[in-house]
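Inspection log for the structure reproduced underneath, given as structure tokens.
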Amino acid sequence: MRTPIIAGNWKMNKTPAEATELIQALKPLVKDAKCTVVVCVPALCVHAAKQAVRGSKIKVGVQNMHWEPKGAYTGELSAEMVKACGVDYVIVGHSERRQYFGETDETVNKRALAVVHAGMTPIICVGERKEQREAGYTDDLVAYQTLTALTGMTPDEVKKVVIAYEPVWAIGTGLTATDEQANETIGVIRAAIARKYGKRVADKVRIQYGGSMNPKNASGLMAQPEIDGGLIGGASLKAEDFSKVVNF
Ligand code: 13P
């Protein structure tokens with residue numbers, strides 16, 4: 001059995017003081033959560049977030065990380081830095097990074113490997129754009145994105161990663177994939193992992209849905225057999241909304 005994982009992706013929102021406030025409000029609301037709860041905060045909020053989550057099971061993540069161990073990479077963060085701050089999860093390859101910051105499947109792979117080798121868990125994002133779904137490419141595309149991101153990992157490492165299936169057309173738009181669409185595409189991702197690493201490995205990998213997931217649609221999505229959690233954007237910025245998704 002896979003333990004569900006609900007992660008908030010705060011994107012470029014919240015100061016450290018606001019992060020403290022949000023997490024303090026969230027703590028009592030998710031204290032009986034049956035799933036792994038993660039908040040992926042802006043890197044500058046990690047310190048505040050780590051202090052705020054004390055006494056709870058909430059884990060802290062960041063939203064990106066570089067693959068090189070150190071050097072002249074202005075503006076970037078290394079695995080060692082991120083790990084030293086007590087971070088457990090790193091989002092890798094979010095579609096906004098692919099769209100606005102030139103992220104490719106190859107750089108997603110490098111980042112994911114660096115996260116894994118540092119002993120943290122990558123949340124690897126894959127998903128199709130609207131025109132790709134309409135053209136019928138979704139299954140091939142998400143399988144390719146997933147297997148490329150995992151290249152170079154051992155089967156034991158693959159077992160521990162988290163994949164987030166986020167159809168680009170559903171992000172921040174209020175449009176959600178239907179429960180069946182999300183379940184089917186996540187099934188395609190799991191089948192691709194099974195073909196390469198075996199069913200035993202694929203059955204361990206937690207695969208989230210992301211894209212306008214909210215308190216209203218969370219229980220339907222989470223009832224699907226292939227869906228192991230959610231990566232929540234907008235609805236993770238309010239303690240009450242996020243807690244309702246966590247307590248689906
Ligand atoms: P929304 O929940 O705001 O659609 O964002 C989803 C997302 O991109 C999470 O990474």
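Computed from a predicted model, the values in this text were never measured in an experiment. All ligand and atom numbering here is 1-based and tracks the order in the structure.
- Side chain to side chain, His94 and Glu166 meet the donor-acceptor criterion of an N or O pair below 3.5 Å.
- Distances between N or O atoms of Gly234 and those of ligand 1 include at least one value under 3.5 Å.
- Within ligand 1, the atoms closer than 4.0 Å to a non-hydrogen atom of Ala170 are 4 (O), numbered from 1 in the order shown.
- Looking from atom 5 (O) of ligand 1 to the surrounding protein, the closest heavy atom is Lys11 NZ, 3.2 Å.
- Annotation: atom 9 (C) of ligand 1 to nearest protein heavy atom, Glu166 OE2, 2.9 Å.
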- [ ] Show your reasoning for whether side chain to side chain contact (heavy atoms under 4.5 Å, CB included) applies to Val108 and Thr148.
- [x] CA-CA 8 Å; Val108 170; Thr148 307; over 6 Å; no
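- Of all heavy-atom pairs spanning Pro122 and Val92, the tightest one is CB-CG2, 4.2 Å.
- For atom 2 (O) of ligand 1, the nearest non-hydrogen atom of the protein is Gly233 N, 2.9 Å.
- One side chain, Arg133 or Thr185, offers a donor N or O that lies under 3.5 Å from an acceptor on the other.
- Within ligand 1, counting atoms from 1 as listed, the ones closer than 4.0 Å to a heavy atom of Ser212 are 1 (P), 2 (O), 4 (O).
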Show me the donor-acceptor pairs within less than 3.5 Å that the side chains of residues 32-45 make with the rest of the protein, sequence neighbours left out.
from, atom 1, to, atom 2, distance (Å)
Lys34, NZ, Asp32, O, 3.4
Thr36, OG1, Arg206, NH1, 3.1

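- One side chain, Tyr165 or Glu128, offers a donor N or O that lies under 3.5 Å from an acceptor on the other.
- Within the 4.0 Å heavy-atom cutoff, Ser95 does not count among the residues contacting ligand 1.
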TODO: Go through the steps for Leu113 and Thr151 under the test side chain to side chain contact (heavy atoms under 4.5 Å, CB included), then give the verdict.
DONE: CA-CA 8 Å; Leu113 282 172; Thr151 300; over 6 Å; no
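- Distance alone, capped at 3.5 Å, is enough to place a donor-acceptor pair between the Ser236 side chain and the Gly233 backbone.
- Atoms of ligand 1 lying under 4.0 Å from any heavy atom of Gly211, numbered from 1 in the order shown and given with element: 4 (O), 6 (C).
- Any N or O atom pair closer than 3.5 Å counts here, and Gly172 shares at least one such pair with ligand 1.
- Of all atoms in ligand 1, numbered sequentially from 1 with element shown, those under 4.0 Å from a heavy atom of His94 are 7 (C), 8 (O), 9 (C), 10 (O).
- Looking at ligand 1, you won't find any N or O of Ala235 less than 3.5 Å from one of its N or O atoms.
- Distances from ligand 1 to the non-hydrogen atoms of Gly210 include no value under 4.0 Å.
- In Asn9, the part holding a heavy atom less than 4.0 Å from any atom of ligand 1 is the side chain.
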- [ ] Please test Ile207 against Arg2 for side chain to side chain contact (heavy atoms under 4.5 Å, CB included), starting from the C-alpha separation and ending with a verdict.
- [x] CA-CA 10 Å; Ile207 310 182; Arg2 299 181 292 266; over 6 Å; no
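- The shortest N or O to N or O distance between Glu96 and ligand 1 is not below 3.5 Å.
- Gln51 places none of its side-chain heavy atoms less than 4.5 Å from the side chain of Thr20.
- At a 3.5 angstrom cut-off on N or O pairs, Thr173 does not count as close to ligand 1.
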